[in-house]
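See below for the structure under consideration.
Please read these numbers as outputs of a predicted model, since none were measured by experiment.
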Amino acid sequence: MTWTKRILVGTDITQASRRIRWAYICGYLYAGVFIFNAIVLFSVGSLEVKGLWSTGQAGFVVFEASLVAILSFGLSRRNKVAAIGLFGYFLLSRVPLLILGFLPSANELDGLMRLVVMQILPAYLFFQGLRGVLTFYDLNHRDYPNDAFDS
């Protein structure tokens, strides 16, 4: 067994199902919170609050939340492509947001807590969901040699 397979693939199907479940629940919650924020902040009548987001930012948030929800649904169906896509997209989408300064800074306790809850925890759970799907497929779709059954 290669070292990457030992890191990614486990040996317990119950643990794999639990990892998958936590990952897609996190994806649904993440999408729900972000769509709720986009609707509330973009549709509020107060100009001071309404000026926080531009139309492009609100559109991006709704697009990202929809994509995360769709990929989370695929993860709940144990789809390998959806699991890889969810984890990969989440990581790749954070790099430009970090460069542009849209992610909270870790200088203050409040910013650190928002960073952990809204960025690091979902990334960790999406990685665990990916591990769960890979474990599920490794344990359920093993290739057995034909020589073992010849007697």
### Task
Output all residues satisfying side-chain hydrogen bond (donor to acceptor under 3.5 Å, both in side chains) with Arg77, sequence neighbours left out; order by chain, then residue number.
none
### Message
Under 4.5 Å between side-chain heavy atoms, counting indirect links through other Ile/Leu/Val/Met/Phe/Trp/Tyr residues: same cluster for Leu67 and Val61 or not?
### Response
yes
### Query
What is the minimum heavy-atom distance between Ala123 and Leu91, and which atoms define it?
CB-CD2, 4.4 Å
### Task
Would you mind telling me which of Leu71, Leu130, Val81 makes a side chain to side chain contact (heavy atoms under 4.5 Å, CB included) with Leu86?
Leu71
### Task
Show your reasoning for whether side chain to side chain contact (heavy atoms under 4.5 Å, CB included) applies to Thr135 and Ile13.
CA-CA 7 Å; Thr135 300; Ile13 194 123; over 6 Å; no
### All side-chain hydrogen bond (donor to acceptor under 3.5 Å, both in side chains) counterparts of Ser66, not counting sequence neighbours
none
### Message
To the nearest 0.5 Å, what is the distance between CD1 on Ile84 and CG on Leu134?
### Response
6.0 Å
### Query
So how far is it from Ile120 CD1 to Leu125 CG, rounded to the nearest 0.5 Å?
12.0 Å
### Query
Given the rule that I, L, V, M, F, W and Y join up when any side-chain heavy atoms are under 4.5 Å apart, are Phe34 and Leu29 in one cluster?
yes
### Task
Just jot down the side chain to side chain contact (heavy atoms under 4.5 Å, CB included) partners of Val33, sequence neighbours excluded, or say none.
Asn37, Met118
Atom pairs and distances, donor-acceptor, side-chain atoms in residues 18-25, under 3.5 Å, two or more places apart:
from, atom 1, to, atom 2, distance (Å)
Arg18, NH1, Gln15, OE1, 2.6
Arg19, NE, Gln128, OE1, 3.0

### Query
side chain to side chain contact (heavy atoms under 4.5 Å, CB included) with Ala69: which residues, sequence neighbours excluded?
Ala31
### Query
Does anything in residues 70-94 pair up under ring pair (Phe, Tyr, Trp, His ring centres under 6.0 Å), and if so which pairs, sequence neighbours excluded?
Tyr30-Phe90, Phe87-Phe127, Phe90-Phe126
